Peer 1: 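Let me begin by handing over the structure; questions about it come next.
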Amino acid sequence: MLHIKCPHCGLRSQNEFAYGGDGTVKRPELNKKVSDKEWDTFVYLRKSPRGKHTELWHHVSGCRQWIKVERDTVTHEIFKTAKVNEDI
Amino acid sequence: MSENFRLDKIGLINRNKKISFKFNGKKYFGYEGDTLASALIANGVHLIGRSFKYHRPRGFFGAGVDEPYAIVQLYRNNETEPNVRATEQELFEGLEAKSVNCWPSVNFDIGAINNFLNKFFPAGFYYKTFMWPKSFWYKVYEPFIRKAAGFGVASTKHDNERYEHKYEYCDLLITGSGPSGLASAYAAAKNGARVILAEDKPRFGGSLLTSEVNIGNQSGKDWADNIIAELKGMPNVIVKNRAQVFGYYDHNMLVMSERISDHLPKSKKYKPKQRLWYIRAKEVIISSGSIERPIVFGNNDTPGVVLASAAKEYLKVYGVLVGKKPLIFTNNDSAYETAIEFKKNGVGSIVLDTRSNPDSEIINEAINMGIKIKFSHVIVAAKGYKKVKSAEIAKISEDKKDLDKLETIDCDCICVSGFWTPTIHLASQSGNKTKFNEEIDAFIPGQSKQNETTVGSANGIFSLEQTLKTSFEAGHEISKKITNKNNKVLVPQVSEKKFTQHDKFWCVPLPKEKNYKRFLDFQNDVAVTDVELAIREGYRSIEHVKRYTTLGMATDQGKTSNLNGLQLVSSIENKIVPSVGHTTFRPPFTPVSIGAIVGREIGKHSKPTRKSPMHSWHEKNNAVFVDAGIWLRPRYYKQDNESLFEASKREAENVRKNVGVCDVTTLGKIDIKGPDAAEFLNRVYTNAWLKLPVGKARYGVMLREDGMVMDDGTTTRISENHYHMTTTTAQAANVLSHLEYYLQIVWPELKVNVVSTTEQWAGAAIAGPKSRNLLQKLFPDIDVSNTGLPFMGYIESSLSGVQARIFRISFSGELAYEVNVESDNGEFMWKKIIEVGKEFSIQPYGTEALSTLRIEMGHVAGSELDGRTIPYDNGLDGLISKKKDFIGKRSLDRKAFTAKDRQRVVGVVPIDKKTSIPEGSHLVIDANAKLPNPKLGHVSASCWSVENNNPFSLAILKDGKNMIGKKLFALSPLKNKSIPVEIVSSHYVDPKGERVRS
Ligand SMILES: [Zn+2]
């Protein structure tokens, strides 16, 4: 079980969190013309990197904040966590 | 029967407490502190079971977790447990155990015929033989294999024992209380670290319990006892015996199973049988010791062949002789301790040492004591079927390839020692890159991945002096990192015998013309020939060899079998062991009860149960409940002998005719506040929200980004910057996370806060033509007329002094209202509604009637909004704003979503107006078409229309828009039904929606 440092609450066990996918995906702006390809990439296409991955986790059983986690997908090492408005 | 193999003056058992027990129906006795194994050996019982594949007789091989054979079926307190190791099971009064793997009995076993047919049972036998013909599998092969194989029988009864879980945090977890564990625990604890010391066995001390050493001015055992006593008294230390750390997981999470009551006739009241500890340790010291390695020789699985260290443990801990005429077969010095121990207790032994001329302190001591030693000698084969009777021995050449002439000597046990294998299982599980150590020809931990350090013989250090020195150091250094303290303890002086180099000899060659079976894996019956065959057949990877031959599988997990298997593969392949590598060690290190893993999360405790504030009223009024997620909701209120169908029909009819009340507390409720709340809703929902006035509700649909409907519900503007959102019961948690995602990540500039208020409000839906009259009586102070409180209106008032929110919204399609009060007043509200509603013939209605009402109105819900439908499919395309952007809008342009013949919700009525259509039925043109019959759609929800008094269903149907009036078939192969149906509008009742506005 992973041990994740919530930037708001501190170190907590994985079972307090929900996984939220790739943290680098940016939603196209509202009311902007978006090509099929761009939209398709946003909705469906995700990289599955081996190694460092910036991802979102949601502290659902804690402060209910979404957070950024930089994790190694092979070793599960967590390098850094940050608030969503911070750079990681 | 009296014990014949127990000595009087040696052992740690409590001779004041005799314990009687039964094995295979026969009564024996032992002492408190015995294991089942030691008590049986004391009684001269060595035949304990049959082997897995060949059903060869099985005895004892070890004295602890490494035991591969002595697995029994245990009976305790009217329960039975399979796969219990006799070497670990402590004796208790009334214990009963039986052999496994034998039928009809351990002494006469029909499966043993496999032993004589063993050329038909080589490696891969099961794969090769039982594959064809396929039809034979269920009828012939599987029952045969099941009867002939397997390790015991699981109970089919409910397990009444209690198992608990515990979470613990510590600075340092230490796994094993041998000299290395004690030293590091002591050093770390004295330096202020929070320490957990876990010992698998009942007694602390590990090898110190059986070795002849002195630490300081005490014996090794006294030193251990004193250290443990001191640790137990320290507030920063948790010391646990009977506790096996069996798994090392990510981020230094380890799991330990503590056996609390397994050694007692029955569990004490309020005490669990076992407790599973989830331990998050900042650092881990692995002090799990080492397991003695067998030497491979002919018939080395015969009962009476034991590890030399086990023979010593039976002697020193239990006062039990494994035999009175022992042969000791060794390639190293440690087995001489066993020989000396035998001699001290009046039993002379013969030592066969594979080395030609070793010179060491302990061998000289043995010689001086008169112990007979034959150097350059090996055991070629054990003789005897159910017990060793003699052994064929021979002198072996210097190059270890040629045997001299065979000689037979009598013996009643063979104690074998092929040197020591560090127990690296936990280190390997942690991700440690293990490395091969040439000096001890075994793997030891290498580069750590997590915060762990291995000490003592688990790290390949076999001298006590070195072990203590390095372990004290490790304990000190690791604790210093955590506590920043520097309190050092003195490393005591050690007196021990120095050992000389062992001989890297592991397998006795077969003499010409003999084909003795030489086993590598005793538990899984894997012999040298099986591995040879696997290699001949082209298996190269050690992982493949493992699976093909079953070497090192099951509970053995490479404990006794591992290194000899690797040696064999490498020698056939002409490789060195490190390049062959070892197979992955998987948790658990030892078997764990399923009950312990499940813990208290069984039955109704497997998930939380949520109840509405009106729950006790429902119970008192004969509600039959149904699970709605984790909520319990009334499905119907049973009157007399009503069936579900009759009750729900009565309840639904009463709503259409008079007025009904339904508990809608479970609906998700989210409070939304902030100056940008309207803008936020406008982005979340598909329809327009900017102009919703205060005091008005609106129905909304929200999508996921892929265009699929996520949820629907009404949201009410309570005040300028305050909204009350409702969600479906099932999606409440997801919707909240969804909103938080957009507010925190996508549009953090919006000034909006969301919070769940589901449990803060109790809700009652009042529906039916008489609901307005009822409402007026409940709230005499307000105008509830169609102009005072129009459809989708909202007003606040007081219900006999209780603040209430009144929404004019409808799920049933009738004139309806929803009243919310704070949860604590829920039951008051409910009773008031029932009491005042009497004159209007009010009846409560449950989820079944609720479904009926919404289905026949064509109101889509969870069964249509199943995550695979877009607004158009649900007839909700009218709610899509063309003027603004919202979540998921861009996806709706996808080609498939705008296709002319896109699926859409329709109504389905059976032609005979009688046959109910099972939910999930497929709609097809031709009921008898060749399979696979092309599917046009599926029935999503079915009910008995109370309005039209015939069955009615909703379906999602391809080109549904143009299918109205068509005749199709509803097929349910599951229910074996084929029903001719007509497609109608989904709005089967009040298609213009006049009632809700009346
Ligand atoms: Zn948090």
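Proteins get letters first, then strands, A, B, ... in listed order; numbering begins at 1 in each. Remember, it's a predicted structure, so these values are computed and weren't measured experimentally. These numbers come from the heavy atoms of this one structure, side chains and all, not from hydrogens, waters or symmetry mates.
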Peer 1: With only heavy atoms counted, which part of B:F886 is less than 4.5 Å from chain A, the side chain, the backbone, both or neither?
Peer 2: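 For B:F886, the backbone is the part near chain A, not the side chain.
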Peer 1: Look at B:S737, B:G888, B:P748 and state which one has the largest set of heavy-atom pairs under 4.5 Å with chain A.
Peer 2: B:S737
Peer 1: Before accepting this row, confirm whether a basic side-chain N of the pair B:E759/B:K669 lies closer than 4.0 Å to the acidic partner's carboxylate O.
Peer 2: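 Answer for the salt bridge query: no.
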Peer 1: Between A:L30 and B:W747, is any pair of side-chain heavy atoms under 4.5 Å apart?
Peer 2: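 Yes, close enough: below the 4.5 Å cut-off.
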Peer 1: Do the side chains of A:K68 and A:E55 get close enough for a salt bridge, i.e. N-O under 4.0 angstrom?
Peer 2: no
Peer 1: Any idea how A:W66 and A:H58 line up, ring-wise: parallel (<30°), tilted (30 to 60°), or perpendicular (>60°)?
Peer 2: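 Aromatic pair A:W66/A:H58 classed parallel.
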Peer 1: Pick one of side chain, backbone, both or neither for A:Q65, based on which atoms fall under 4.5 Å of a heavy atom in chain B.
Peer 2: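 Both backbone and side chain.
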Peer 1: Pick whichever of B:L743, B:D885, B:I745, B:N252 has the most heavy-atom pairs under 4.5 Å with chain A.
Peer 2: B:D885
Peer 1: Does any heavy atom of chain A fall under 4.5 Å from the side chain of B:R704, the backbone, both, or neither of them?
Peer 2: neither
Peer 1: What part of B:L736 gets closer than 4.5 Å to chain A, counting heavy atoms only: side chain, backbone, both or neither?
Peer 2: both
Peer 1: Using 4.0 Å as the upper bound for N to carboxylate O, is an ion pair formed by A:E70 and A:K80?
Peer 2: no
Peer 1: Shorter than 4.5 Å, heavy atoms on both sides: which option in B:R890, B:E705, B:R683 has the most such pairs with chain A?
Peer 2: B:R890
Peer 1: Specify which of A:D40, A:D36, A:V60 makes the most heavy-atom pairs with chain B at under 4.5 Å.
Peer 2: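 Winner by heavy-atom pair count: A:D36.
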Peer 1: Quick check on A:V34 against chain B: is it the side chain, the backbone, both or neither that has a heavy atom closer than 4.5 Å?
Peer 2: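 A:V34 touches chain B through backbone and side-chain heavy atoms alike.
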Peer 1: Check A:D22 with A:R46, please: is the shortest side-chain N to carboxylate O separation under 4.0 Å?
Peer 2: no
Peer 1: Heavy-atom distance under 4.5 Å to chain B: side chain of A:L56, backbone, both or neither?
Peer 2: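 The side chain, not the backbone.
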Peer 1: Between B:I478 and B:T453, is any pair of side-chain heavy atoms under 4.5 Å apart?
Peer 2: yes
